[in-house]
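Source: prediction; values computed, not measured. Sequence lines set the chain letters: A, B, ... in the order given, protein chains first and strands last, and positions in each chain run from 1.
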Amino acid sequence: MRIPIQSVTPESGHAEVCGWVHEVRDLGGLAFFLIRDRTGIIQVTLPKKRTSEAVLTAAKQVSRESVVRVAGMVKAIDKAPGGRELVPDVFEIISMADSPLPLDVVEKVPADLDTRLDARFLDARRPRVAAVFQIRSAAMHVINQYLHHEGFINITTPKIVAAATEGGTDLFPIAYFNKEAFLNQSPQLYKQMMMAAGFEKVYEIGPIFRAEEHNTTKHLNEATSIDIEVSYADHHEVMRILEELIVKTYEYVNTTCSDQLSSLEISDFVVPKPPFPRLPYCEAIEIAKKRIEDPIEYGDDISPAAERALGSEMGGHYFIVNWPSEIRPYYAMPYENDPSICKAFDLMHPRMELSSGAQRVHQHDLLVQQIRKKGLNPESFEFYLRPFRFGMPPHAGWGLGADRLVMTMVGLANVREAVLFPRDMHRLVP
RNA sequence: GCCCAGGUAGUGUAGUGGCCCAUCAUGUUUGCCUGUCACGCAAACGACUCGGAUUCGAAUUCCGACCUGGGCGCCA
């Protein structure tokens, strides 16, 4: 019976493992094979004089990264990695790997990201790459667990939609029988409909699609968004949920992924401390004005240079709050005492924006007014506006970029490294 | 979409007009080697993105195409 490599100890006696041939060191009368599975690496040692002909033939024939089944006695040896080695009486080639390999799994020679993504299945065999996705999995697990625990209902909303009701970003048109259709840019409107449906707290973790032709290390055309919406909550309440979720995610990764963090050579993993500073937009602009050369004025978006300047000033996660209504979407709730600013916020990591959200406008007539103010036609928003006419509770929510969360958490240079099969302007395969 | 930088063995690189039938590492193959752990040693194999131009001569200069990386714009 095959057992995980990590569980092989000197006490195992006779053990059978399956995995990839990681490295071969043939010293002549003695040969070492490193066999790797997802749990670790074990040294298989062949003293040639005392090894069967069948084992020697297979060992001679096998190529790097072939899948093999090896069984034999486990011996305690200080000189071997992990303090044990396996002396095989069985060495079976299950699946021979072609040569040459598209990239070097052992990492003696680096590979460009492009090369790595072209051969992602091989790239992901590298422990440090696998570690990123194990951490991502842990993060998604604890986020689901936290939201479930907080009473959120997990929903799934359509990714094929009829029209671009939100404006702003470009959508991908798709062929949908004989109708016009698009890939959805966000579950925003559907989350809000579920507030009208009385679900009170909903969340969705799913793909979002943006057809922007950007070419940066932090944008993708297909991303994973963690979205929540909460009835009877204001922006303060959902910011609190967001910061608690971020902290819990870091804590969980910190306590359950120590092997993965050390694979990534992260020795200074810092769990952020709540509460995160709430920086009013107007103060953010003042800081940016002092710190960057490019002109920036109240009413402008926060440019990447301004983001970086603020990031180094703030030093950790922080919120930008009280945005001018003018530069936020129509569904962001304006302050009653000063409608020029609204109850919208962004959650920032020092490197980039992670999340944005707001208390939403829940009053039908105010929403129509806001849509008009943005120069949009309320008539084309009928499917969105309808729920607001039949009893819509006040509500607030946010969307958090899962890929950026992972990227910033483990310090990846490029968001593509946090995604198994990233989709950008140039990459559609694999 | 705009701007900048690139494209050389399977992989990662050196090479700015002749010194290049192209450097180094890794890999692969063969030989030697009984404690390696990036094993070592020896030998061999393997590449200038494509098309056009300039030149006695182009990996190197110019033009075009394609591809890649990055920045900006855009990103409710």
Side-chain angles (χ1 to χ4, degrees), chain A residues 22-34 41-51 60 63-65 75 77-83 85 87 97-119 122-123 164-171 184-189 192 208-221 223 225 294 300-305 307-308 323 325-332 342 344 346 352-353 356-358 360-361 370-371 374-376 381 384 398-399 401 404 413-414 416 424-427:
Chain A
H22 188 69
E23 261 187 280
V24 180
R25 299 192 194 104
D26 186 347
L27 272 60
L30 187 68
F32 301 102
F33 286 75
L34 298 184
I41 290 178
I42 189 166
Q43 176 167 290
V44 171
T45 303
L46 278 74
K48 291 190 184 166
K49 283 181 187 162
R50 282 171 284 131
T51 301
K60 173 92 178 153
S63 59
R64 286 163 75 238
E65 295 304 318
K75 290 183 181 166
I77 300 272
D78 286 345
K79 286 177 277 192
E85 68 183 15
V87 182
D98 273 0
S99 182
L101 298 163
L103 58 81
D104 176 21
V105 176
V106 179
E107 289 188 295
K108 286 180 188 173
V109 179
D112 287 342
L113 185 57
D114 189 51
T115 307
R116 292 172 47 203
L117 293 175
D118 280 341
L122 260 189
D123 182 51
T165 48
E166 292 182 63
T169 191
D170 293 326
L171 301 189
N184 207 181
Q185 68 185 93
S186 111
Q188 177 67 24
L189 307 186
Q192 291 193 262
I208 57 170
F209 304 92
R210 310 269 162 113
E212 307 296 334
E213 295 185 336
H214 28 221
N215 194 209
T216 76
T217 54
K218 57 186 181 188
H219 288 94
L220 291 170
N221 296 293
S225 179
D294 305 326
D300 290 343
D301 274 320
I302 309 282
S303 66
E307 269 182 13
R308 286 190 292 271
W323 288 72
S325 302
E326 206 179 299
I327 56 171
R328 298 301 283 211
Y330 55 84
Y331 52 71
C342 64
D346 278 0
M352 71 192 76
E353 177 189 331
S356 65
R360 326 294 191 187
V361 174
Q370 294 260 120
I371 289 169
K374 295 282 175 192
L376 301 165
F381 286 70
Y384 174 57
W398 43 254
R404 287 185 179 187
N414 192 314
R416 291 163 182 79
D424 62 34
M425 254 175 96
H426 305 295
R427 181 171 287 279

Rounded P spacing from B/U54 to B/C63 in Å | 15 Å

Identify which nucleotide among B/G73, B/U13, B/U36 has an atom closest to any side-chain atom of A/Asp112, counting heavy atoms from C-beta outward.
-> B/U13

Value in whole Å for how far the C1' atom of B/G73 lies from CG of A/Asp170 | 13 Å

Please work out if A/Glu107 contacts a base, only the sugar-phosphate, or nothing of the nucleic acid, heavy-atom cut-off 4.0 Å.
-> nothing

With C1' as the reference atom in both, quote the distance from B/A14 to B/C24 in angstrom, rounded to an integer.
-> 7 Å

On RNA chain B, check which nucleotide each of A/Pro329 and A/Met425 is closest to and give me the residue with the more 5' one.
-> A/Met425

Given atom CG of A/Asn414 and atom P of B/U68, what is their separation to the nearest angstrom?
-> 14 Å

Taken to the nearest whole Å, CG/A/Asn215 to P/B/G69 is 7 Å

More than 12 heavy atoms from other groups under 6.0 Å of NZ on A/Lys60 | no

Can the ring centres of A/Tyr331 and A/Tyr384 be said to be less than 6.0 Å apart?
-> no

Between atom CG in A/Leu171 and atom C1' in B/A76, what is the gap in whole Å?
-> 10 Å

Taken to the nearest whole Å, CD/A/Glu307 to C1'/B/G73 is 14 Å

P-based separation of B/G12 from B/G64 [nearest Å] | 28 Å

Distance between the C1' atoms of B/G52 and B/U30, in whole angstroms?
-> 44 Å

Choosing from B/G73, B/G35, B/G12, which nucleotide comes nearest the side chain of A/Lys79?
-> B/G35

For B/G70, does either OP1 or OP2 sit under 4.0 Å from a side-chain N or O belonging to A/Thr216?
-> no

What integer number of Å spans the C1' atoms of B/A65 and B/G73?
-> 26 Å

Taking atom C1' in both B/C19 and B/G40, what distance in whole Å separates the two?
-> 34 Å

Ignoring backbone atoms, test whether A/Thr217 places a side-chain nitrogen or oxygen under 4.0 Å from the OP1 or OP2 oxygen of B/G71.
-> yes

What is the nucleic acid contact for A/Glu65, judged by heavy atoms within less than 4.0 Å: base, sugar-phosphate only, or nothing?
-> nothing

Apply the test salt bridge (Lys or Arg N to Asp or Glu O under 4.0 Å) to residues A/Asp424 and A/Arg416: give CA-CA distance (whole Å), side-chain angles for both, the deciding distance (0.1 Å), then the verdict.
-> CA-CA 9 Å; A/Asp424 62 34; A/Arg416 291 163 182 79; 2.7 Å; yes

NA contact type, A/Asp26, heavy-atom cut-off 4.0 Å: base, sugar-phosphate, or nothing?
-> base

Indicate whether OP1 or OP2 belonging to B/C75 is found under 4.0 Å from a side-chain N or O atom of A/Arg404.
-> no

Given RNA chain B, 5'-ward residue of the pair A/His426 and A/Pro110, judged by closest heavy atom = A/Pro110

Distance in angstrom units between A/Ile42 CD1 and B/C37 P, rounded | 19 Å

Under 4.0 angstrom between A/Lys108 side-chain N/O and B/G27 OP1 or OP2 = yes

Quick one: A/Arg328 CZ to B/A76 P, roughly how many Å, whole number?
-> 8 Å

Would you say the side chain of A/Ser186 and the base of B/A76 hold a donor-acceptor pair, judged only by whether the two atoms sit under 3.5 Å apart?
-> yes

Please work out if A/Ala80 contacts a base, only the sugar-phosphate, or nothing of the nucleic acid, heavy-atom cut-off 4.0 Å.
-> base

Are the side chains of A/Arg328 and A/Asp346 in touch, meaning some heavy atoms are under 4.5 Å apart?
-> yes

Decide yes or no for A/Leu30 and A/Thr45: does some side-chain heavy atom of the first lie under 4.5 Å from some side-chain heavy atom of the second?
-> yes

Candidate nucleotides B/C37, B/G35, B/U28, ranked by approach to the side chain of A/Glu85 - the nearest | B/G35

Does any non-hydrogen side-chain atom of A/Val106 lie less than 4.5 Å from one of A/Arg64?
-> yes

Distance-only donor-acceptor test (3.5 Å): side chain A/Glu212, base B/G1 = no

Sugar-phosphate only, base, or nothing, as touched by A/Ile77 at under 4.0 Å among non-hydrogen atoms = base

Counting only heavy atoms not in A/Glu326, do more than 12 fall under 6.0 Å of its CD?
-> no

Does some side-chain heavy atom of A/Arg308 sit less than 4.5 Å from a side-chain heavy atom of A/Met352?
-> no

Select one nucleotide: of B/G69, B/A76, B/C75, the one nearest the side-chain heavy atoms of A/Gln185.
-> B/A76

Can you check the A/Leu220 CG to B/G69 P distance for me, whole Å?
-> 12 Å

If you look at every strand shown and take non-hydrogen atoms under 4.0 Å, does A/Lys374 touch a base, only sugar-phosphate, or nothing?
-> nothing

Inter-nucleotide C1' distance (B/C45, B/U26), Å rounded = 14 Å

Nucleotide nearest A/Pro304 (side chain, heavy atoms from C-beta), chosen from B/G73, B/U11, B/G35 | B/G73

Nearest-Å distance once atom P is located in both B/G57 and B/A44 = 33 Å

Could you check if a side-chain atom of A/Asp26 sits within less than 4.5 angstrom of a side-chain atom of A/Lys48, using non-hydrogen atoms only?
-> yes

Is any side-chain heavy atom of A/Asn221 less than 4.5 Å from a side-chain heavy atom of A/His214?
-> yes

Strand RNA chain B as a dot-bracket string - pairs counted if Watson-Crick or G-U with both distances under 3.5 Å, | where the partner lies in another strand | (((((((..(((.....[.....)))((((((.......))))))...(((((..]....))))))))))))....

